J.: 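Attaching a single structure in structure tokens format; questions to follow.
Start at 1 with the first residue, then count along the sequence. For clarity, every value in this text was computed on a predicted model and none was experimentally measured.
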Amino acid sequence: MEIKVVDKLEELQEYAEAWDTLVQQSSHCLPMQSHAWLSCYFRHRMEPGEQWQCWLLFDAQQLIGVLPLVSLNRMSMLGKRKLLRLPEDEQTTISVDIVSAPGREQEVFKYLAGYLQQQHGGWRELNMPRVPENSATIAALPELRGSLHCLCEQRSLGSYLPTDSDFANYRAGLSPNLRSNLRKAANRLAHIDEFEYECLTGEHASPKHLARFLEVESASWKGDTGTTIVANADHNAFYHSLIQALWQRGWLEWHFLTIKERTIAAYLAIRCGTSLVLWKVGYDATYANCSPAALLLERIVARAFEDPHCLELNAITHAAWLDRWNMLQRRYYHVIWYPNDTLALLTGWAQWWLHYRFRNVPALRSAVRGIRQQLSHMRKRVEPFLNKDA
């Protein structure tokens, strides 16, 4: 086996199809782990001072593993620190993970860990901010702890719904209150005019429909708070690139609820393997009393149950309103790796270990906060001289 390090988008494109095929075959298929997604991240979401590279692991010229990395050098009182992380930002990209060929996860992770430890000295920390509990990475942690030091803690929850049973039985299991609210919302909307559910997949899920989605998103509360996609030029550019890439892969789905030829609710969804990922939602606040987003979700759920190729609806994140739909919860973990290096262990691993171990002790938490503030003040005074010397 051998690793090829790629840091140019043009060169990375050569491996796009093989990479995305691995993602589709993975046990926890998530589109954010794909070349289609991360190539857009590398193009639009890198911060000043950051650099990206992808480690591609081959066995006899066959791609069997991918580790996408973002690196940043920071100066501290103890010298230069090279920090590594998987790509992530809360607005566009979460839950990126190591990609590996099915059945070869342990082999891939051990090889990558050895390469990380032996070939790339000087790094102090590798952050994997949000890894799902069903990831092969979590399963491999006991085996990898011998070569690298690791911390792993639950960070958040995500909601998902298995769709491999009967929709009628599922709907009957929803609370009477939710079923009643859906019926009343549909009646209120029907009194205005006939409404229609529209699902666009494959070639029909053209990127031109992004304009419809952005329009209805801007008509929601997000438009009032300035948190829409179009309100941020960087986010807007990212999503235009992403939608084009997902459509070319055949993964893109649009779900619309319309009335009088006006879109009043919309979901941006991605088909990845046997999962349908519900990524973004928007609705027209003018029709808020008709609950258009809930009516649209009901139809998406019904369609997913009827589709033999869809086994799961994945909402990625967790919100209280999703619990009403009897969605299950999936744990997501923050995983941090440290090399077998004394300085890295003292400046990184020990700090995080103490944080995790004693964060619920009020007196210690207060003391640690005070120490961190003092260290921050010292760093601000010293960093200009360190950066000048560097």
J.: Tell me, please, which residues at least two apart from Glu215 pass side-chain hydrogen bond (donor to acceptor under 3.5 Å, both in side chains).
T.: none
J.: Just checking, any donor-acceptor pair under 3.5 angstrom between side chains of Tyr239 and His44?
T.: no
J.: Hey, could you give me each pair passing disulfide bond (SG atoms under 2.5 Å apart) that has a residue in residues 207-244? Not counting sequence neighbours.
T.: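 Non-adjacent pairs meeting disulfide bond (SG atoms under 2.5 Å apart): zero.
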J.: Restricting to ring pair (Phe, Tyr, Trp, His ring centres under 6.0 Å), what partner residues turn up for Trp251, sequence neighbours left out?
T.: none
J.: Donor-acceptor pairs are to be reported for all side-chain atoms of residues 291-298 against protein atoms at under 3.5 Å, with residues two or more places apart or in another chain.
T.:
from, atom 1, to, atom 2, distance (Å)
Glu298, OE2, Arg171, NE, 2.8
Glu298, OE2, Arg171, NH2, 2.9

J.: With sequence neighbours left out, which residue pairs that include part of residues 31-61 fulfil the disulfide bond (SG atoms under 2.5 Å apart) condition?
T.: none
J.: Which residue pairs pass the salt bridge (charged side-chain N to carboxylate O under 4.0 Å, His left out) test when at least one of the two sits in residues 191-212, sequence neighbours left out?
T.: Glu198-Arg212
J.: Who are the side-chain hydrogen bond (donor to acceptor under 3.5 Å, both in side chains) partners of Lys280, not counting sequence neighbours?
T.: none
J.: Are side-chain N/O atoms of Ser175 and Asn177 paired as donor and acceptor at under 3.5 Å?
T.: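 There is no such pair between these side chains.
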J.: Quick one: list whatever passes ring pair (Phe, Tyr, Trp, His ring centres under 6.0 Å) with Tyr332, sequence neighbours left out.
T.: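 By the ring pair (Phe, Tyr, Trp, His ring centres under 6.0 Å) rule, Tyr332 matches no residue at all.
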J.: Got a salt bridge between Arg330 and Glu312, using NZ or NE/NH1/NH2 to carboxylate O under 4.0 Å?
T.: yes
J.: Is a side-chain donor or acceptor of Arg179 paired with a backbone partner of Leu174 at a separation under 3.5 angstrom?
T.: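 Confirmed, Arg179 side chain pairs with Leu174 backbone.
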J.: Residues in ring pair (Phe, Tyr, Trp, His ring centres under 6.0 Å) with Phe42, at least two apart?
T.: Trp52
J.: For His240 and Asn236, test the side chains for any donor-to-acceptor distance below 3.5 angstrom and give the result as yes or no.
T.: yes
J.: In terms of relative ring orientation, are Phe305 and Tyr170 parallel, tilted or perpendicular, with 30° and 60° separating the classes?
T.: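 Ring orientation of Phe305 relative to Tyr170: parallel.
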J.: Restricting to salt bridge (Lys or Arg N to Asp or Glu O under 4.0 Å), what partner residues turn up for Arg188, sequence neighbours left out?
T.: none
J.: Do any N or O atoms from the side chain of Trp254 and from the backbone of Ser206 form a donor-acceptor pair under 3.5 angstrom?
T.: yes
J.: Backbone N or O of Leu311 within a donor-acceptor pair of the Asp164 side chain at under 3.5 Å?
T.: no
J.: State the CG-CG distance between Leu252 and Leu268, to the nearest 0.5 angstrom.
T.: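 The CG atom of Leu252 sits 6.5 Å away from the CG atom of Leu268.
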J.: Compare every heavy atom of Thr92 with every heavy atom of Trp279, then report the nearest pair and how far apart it is.
T.: CZ2-O, 3.3 Å
J.: Distance-only, no hydrogens or angles: does the Asn326 side chain make a donor-acceptor pair with backbone N or O of Gly173 under 3.5 Å?
T.: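 Side chain of Asn326 to backbone of Gly173, a donor-acceptor pair under 3.5 Å: yes, one is there.
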J.: Heavy atoms, side chains only, cut-off 4.5 Å: are Gln33 and His28 in contact?
T.: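 Yes, side chains in contact.
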J.: Among pairs that include at least one residue of residues 214-289, which meet disulfide bond (SG atoms under 2.5 Å apart), considering only residues two or more places apart or in two chains?
T.: Cys29-Cys272
J.: Can you list the residues that meet the salt bridge (Lys or Arg N to Asp or Glu O under 4.0 Å) rule with Glu50, with sequence neighbours excluded?
T.: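 Glu50 satisfies salt bridge (Lys or Arg N to Asp or Glu O under 4.0 Å) with Arg85 only.
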J.: Where the side chain of Arg130 meets the backbone of Ser156, is there a donor-acceptor pair that is under 3.5 Å apart?
T.: no
J.: Under 3.5 Å, is there a donor-acceptor pair linking the side chains of Ser275 and Asn314?
T.: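 Note: Ser275 and Asn314 side chains miss the donor-acceptor criterion.
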